[in-house]
Amino acid sequence: MPTLSPTPLPRSFYEPSAKIVAPKLLGHLLLRRTPGGGWAGGVIVETEAYLANDPACHGFRRETLRNRSMYGPPGRAYVYFIYGNYFCFNAVCAPERVAEAVLIRAIEPTFGEEWMRMNRPVREQRDRTSGPAKLCLALDIRREHDARDLCDVNTGLIIAHNEHRRRFINQHKPVITTTRIGISVAEDLPLRFYLEKSAFVSKR
DNA sequence: TAAGTGATGCAT
DNA sequence: TGCATCACTTAA
């Protein structure tokens with residue numbers, strides 16, 4: 001499973017449209033450096049794509065203070081605050097000035113589980129990271145992580161190559177493609193992707 | 001199933 | 001300046 005010295009996915013990985021990148025992120029690793037100096041996080045099992053010509057995308061209308069990082073270069077974080085309580089984490093895709101991103105909706109915890117349990121002490125392990133705001137709580141991802149470079153291991157928030165990705169996907173396939181959750185426009189687009197056999201998928 | 005939560009951004 | 005909206009979660 002693990003990599004003590006993780007290798008971030010390269011920036012070129014995020015240059016295509018989010019609709020291409022979203023399914024390709026399944027099986028890779030969302031990782032956060034802990035105060036203790038180790039890594040916490042796990043395998044991405046559910047994603048959604050938000051596109052430049054997509055009314056549900058925060059960057060659909062124009063650049064604002066909130067969505068600024070979506071308009072920046074690919075391979076950075078877009079973290080936004082929602083419902084007065086929660087943060088959600090995205091990986092910015094597509095070239096600069098093209099506002100696209102992939103929302104990470106769920107991960108399977110594999111590293112730093114003790115630290116995540118402290119951050120989000122719920123009874124059931126599968127409730128720890130089975131939702132976009134849940135995983136931000138477990139990994140203590142906040143406003144200050146917005147715009148952070150996911151390709152630079154020194155920023156402490158990365159998406160890393162999973163050398164066991166193929167095996168993980170084989171064990172958790174098939175990949176299901178369906179409509180996105182919690183939106184009120186463009187509800188019919190097939191832009192949500194998840195691994196059918198993962199217990200951490202937020203909703204079926 | 002519904003309420004809580006407050007920043008955001010569009011309309012005024 | 002005001003106010004509806006919101007890529008969610010939790011407790012019922």
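Chain A is the first sequence line, chain B the second, and so forth, proteins listed ahead of strands; every chain is numbered from 1.
- In this structure, the separation between CD on A:E100 and CD on A:E15 is 13.0 Å, given to the nearest 0.5 Å.
- Note on A:R120: a side-chain N or O is less than 4.0 Å away from OP1 or OP2 of C:dT10.
- Using N1 to N3 plus N6-O4 or O6-N4 for Watson-Crick, or N1-O2 and O6-N3 for G-U wobble, each under 3.5 Å, B:dC10 pairs with C:dG2.
- C:dC8 has A:Y83 stacked on its base ring, the centres lying under 5.5 angstrom apart and the planes within 30 degrees of parallel.
- The CD1 atom of A:I82 sits 13 Å away from the C1' atom of C:dA4 (whole-angstrom rounding).
- By the 4.5 Å heavy-atom criterion applied to side chains, A:Y78 and A:D146 are counted as neighbours.
- Applying the 4.0 Å criterion to OP1 and OP2 of B:dG9, one finds that A:R62 has every side-chain N and O outside that range.
- Between A:D54 and A:K19 no salt bridge is recorded (no basic side-chain N to carboxylate O distance below 4.0 Å).
- Among the protein residues, A:I183 comes within range of the sugar-phosphate backbone only, with heavy atoms under 4.0 Å from sugar or phosphate atoms but none that close to a base.
- Considering only side-chain N and O atoms, A:R66 lies nowhere under 4.0 angstrom from the phosphate OP1 or OP2 of C:dC6.
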Could you walk me through whether A:H28 and A:F13 pass the ring pair (Phe, Tyr, Trp, His ring centres under 6.0 Å) test, one step at a time?
-> CA-CA 12 Å; A:H28 286 302; A:F13 185 93; 5.8 Å; yes
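- A close approach under 4.0 Å does occur between a side-chain nitrogen or oxygen of A:S184 and OP1 or OP2 of C:dC6.
- Put simply, the side chain of A:Y80 and the base of C:dA7 share a donor and an acceptor less than 3.5 Å apart.
- Across every strand in view, C:dA11 sits in a pair with B:dT1 that passes the Watson-Crick or G-U test at under 3.5 angstrom.
- Ranked by how close their nearest DNA chain C nucleotide is to the 5' end, A:G182 and A:V122 are led by A:G182.
- A heavy-atom distance below 4.5 Å is not found between the side chains of A:R123 and A:D127.
- Rounded to whole angstrom, the span from the CD atom of A:E187 across to the C1' atom of C:dA7 amounts to 12 Å.
- Where A:N85 and A:R143 meet DNA chain B, the nucleotide closest to each residue was compared, and A:N85 sits on the side nearer the 5' end.
- Considering only side-chain atoms of A:R61, the nucleotide from B:dG9, B:dC10, C:dC8 that sits closest is B:dC10.
- Atom OH in A:Y86 sits about 11 Å away from atom C1' in B:dA3, given to the nearest Å.
- For A:A133, the side-chain atoms get nearest to C:dT9 when compared with the rest of B:dG9, C:dA7, C:dT9.
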